[in-house]
Number of protein chains: 2
Amino acid sequence: MSKRAANNAKKRATTALPDAPPTLEMVAKEAGVSIATVSRIINGTAKVSAERKDAVEAAIAKLNFRPNAAARGLALGKSNTIGVITQAIDSPFYGEGLRGIEDYLQQRGYTALFMSGNWDEQDEERCMAELLSRRVDGIIIFSGRLEDRQLAHYAKQVPLVVSGRSLKAQNIFSLPVDDERGAWLATRHLIELGHRRIAFIAGILDHPDASLRFKGYRRALADAGIPHDPKLVVPGDFHEEGGVEATMRLLGSGNKFSALFCVNDQTAYGACLALYRRGLNCPRDVSVVGFDDLHSSSYRVPPLTSVRQSIRVLGESSGAAMLQMLQGEQPDISLPQVELIVRESTAAPAKE
Amino acid sequence: MSKRAANNAKKRATTALPDAPPTLEMVAKEAGVSIATVSRIINGTAKVSAERKDAVEAAIAKLNFRPNAAARGLALGKSNTIGVITQAIDSPFYGEGLRGIEDYLQQRGYTALFMSGNWDEQDEERCMAELLSRRVDGIIIFSGRLEDRQLAHYAKQVPLVVSGRSLKAQNIFSLPVDDERGAWLATRHLIELGHRRIAFIAGILDHPDASLRFKGYRRALADAGIPHDPKLVVPGDFHEEGGVEATMRLLGSGNKFSALFCVNDQTAYGACLALYRRGLNCPRDVSVVGFDDLHSSSYRVPPLTSVRQSIRVLGESSGAAMLQMLQGEQPDISLPQVELIVRESTAAPAKE
DNA sequence: CCGTAATTTGTAAGCGCTTACATCCGGTGT
DNA sequence: ACACCGGATGTAAGCGCTTACAAATTACGG
């Protein structure tokens, strides 16, 4: 690459562009040793005399040398990077999970590479392709749109951890969340408070989380002997906007209800706003329960009752499972049970 | 690395671990051409006969070949990656910015590598070191704790875009947000509604954003001839919790106020909760204004009046500026003006 | 039909790092 | 004193890719 070197030299002479970073070779020359010795000192791979070690460390400090991760990755055949695919990096839900992953991996010498799938299968495949091209050591997927078949296929190329799903296959570890139980807990809570007309705002229909939560909702109703009224179930989009629209539709439909179970917290936020718009008070007129227990839910007015699945712990656990897989072990990670966090958005129905 | 190859071969024979990914060489052999030809086809670097091209493309598809990004990076001396340092990836504020960056860069063939500085200078330096080691092509910093001096130093090694700050130096482009004007707008809005006792919940004191916003607040008061009462200014922490505490303190101090300007939306969320806890209604008893206009602010109950600086646009602009720098151009990006979004958390003070 | 220029292709030299293997050293045992 | 040994260093061969330069092929004009 003599041409490039020449270019760099030229640039350096005329502009303020950064110098080419120092290399092992430069450090070796500066310290008067061979590059192998420098490498060994940096990695602590072998015994080196104290004298040379000092010299090399001085040279490293002097040149401000930092090993080139790409070169090392090439030589080692691993990148010390874990790819992470979520649907949207700016969602408060995924944000907490990413934080958990990042914290966990960072402390163990790995770097997380985040990408957003945008709820789109094609985008998700693009992300996979990119991560594979970067030769990440493993990929963590937060409940994506990819089918099990495709995941199994990718798992042939790289270890996979899939959160929020249950899926058995070679080289894949899945970390399912007990959506059904969470939804059951939430619905039962409303029932115990005395509610009988409980509406449910679902997410996108074919989304696995949504259907499991729907199942839990129905089971709780059935357990209490309350007939399920399909008119009280309306679709949403997992976002605030969907919560607003769904609630408006519900309110407009004339079907009475005194409580509202939302497929996730963001939907619940929207629902609360819609109630407010219609002059209804939560929880006096309508009780609302969410799912996920986002950090900001405890700061809502009123603080939101929600099902906690600690997405942050989910993130950490995913990281832990991945590292175990990389170690060649079968991960033995499991998630804490979902639990209902009762706050102030739920109350007994007004008796009239 | 014959040892590694041997290892791989052994593993492959006995376990389900992934095969070593195909290489250029394997594609070349499969297609019966030289590796140079394959490379040229992949990159479109030179004319190649249609015949060979087809053969190579077939081989690529057959082997499911994906170029190794690390190897390419090494050879090219660039990684097509932009490092991004924020304080916390799970903050709704930064989340929106990251999304902007990711969207922008992705469409242009770059990948963003996110890291969290955790509001800690040391962590931030660790992030810089990691990014530099990965030889990212540039680094975008969201208003970090690093001093200008240090930034200028890093800028010698890699192009920098710094958002939310004003800073002139070689190889650094800064994208300042007009915090002062935003704060002025917010405070003036409260004044125009008729408020005279306006409290301010500041962020962390030495944080530049906080002090600029404080400045805008005082200037608006001064412009209206309202004396500044230091007792109405209390520190916060940019989070909900700080907002709760600060408001409680304010309420407990006995100093009357009818409006509250919070250094950011999260603080305002906390403030609203504290008011609610004390049985006070927003906006009837106390008006509240935030800053940042987070997405969820429009879904609060009541929807929060806030200063919009579109952090998402900030992200996109940072990406655009970075790409321009990489092109060797002087970026000509600027941000849209901050604007006040009036919603329902502010109203005229109750007359008593 | 041949020489020569204009392609298309292949060969091989790196990019910066790790590590197997060779080399060199001082210290032992006899 | 000498063969021998173990540990500290150095040498050099890759890791998978790009690309300068050489070689081979093709297309022309005379």
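Naming convention: chains lettered A, B, ... in sequence-line order (proteins, then strands); numbering from 1 in each chain. Reckoned from all heavy atoms, side chains included, excluding hydrogens, waters and symmetry mates.
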Are any side-chain N or O atoms of [X] and backbone N or O atoms of [Y], one a donor and one an acceptor, separated by less than 3.5 Å?
| X | Y | result |
| --- | --- | --- |
| B:S133 | A:P67 | yes |
| A:Q157 | A:L132 | no |
| A:D137 | A:K78 | no |
| B:E102 | A:I89 | no |
| B:S166 | B:P176 | no |

Check the distance between [N]'s [atom2] and [X]'s [atom1] and give it to me in whole angstrom.
| X | N | atom1 | atom2 | answer |
| --- | --- | --- | --- | --- |
| A:L76 | D:dA13 | CG | P | 20 Å |
| A:I41 | C:dC17 | CD1 | P | 14 Å |
| A:K78 | C:dT19 | NZ | C1' | 16 Å |
| A:R134 | D:dC17 | CZ | P | 14 Å |
| B:N80 | D:dT18 | CG | P | 12 Å |
| A:E25 | C:dC17 | CD | C1' | 11 Å |
| A:I60 | C:dG16 | CD1 | P | 16 Å |
| B:L74 | D:dG16 | CG | P | 12 Å |

Could you list the protein-to-nucleotides 8-10 of chain C atom pairs, N/O on both sides, closer than 3.5 Å?
residue	atom	partner	partner atom	Å
C:dT9	OP1	B:S49	OG	2.9
C:dT9	OP1	B:R52	NE	2.5
C:dT9	OP2	B:S49	N	2.9
C:dT9	O3'	B:R52	NH1	3.4
C:dG10	OP2	B:S34	N	2.9
C:dG10	OP2	B:S34	OG	2.9
C:dG10	OP2	B:T37	OG1	2.5
C:dG10	N7	B:R40	NH2	2.7
C:dG10	O6	B:R40	NH1	3.4
C:dG10	O6	B:R40	NH2	3.4

My understanding is that only one of A:R126, A:Q150, A:R145 makes a side chain to side chain donor-acceptor pair (under 3.5 Å) with A:E121; could you say which? A:Q150
Checking contacts here: which listed nucleotide (D:dT18, D:dC17, C:dC15) is nearest the side-chain heavy atoms of B:N68?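 Nearest listed nucleotide: D:dC17.
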Per B:R72 side chain, nearest of listed nucleotides C:dC17, D:dT19, D:dC17: D:dC17
Just say parallel, tilted or perpendicular for the rings of B:Y94 and B:F142, cut-offs at 30° and 60°.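 Aromatic pair B:Y94/B:F142 classed perpendicular.
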Rounded to 10°, tell me the angle between the two end axes of the helix from C:dC1-D:dG30 to C:dT30-D:dA1, each built from five pairs. 50°
Can a side-chain donor-acceptor contact be found between B:R134 and A:T111 if the only test is distance below 3.5 angstrom? yes
Flag if over 12 foreign heavy atoms under 6.0 Å of CD, B:E329: yes
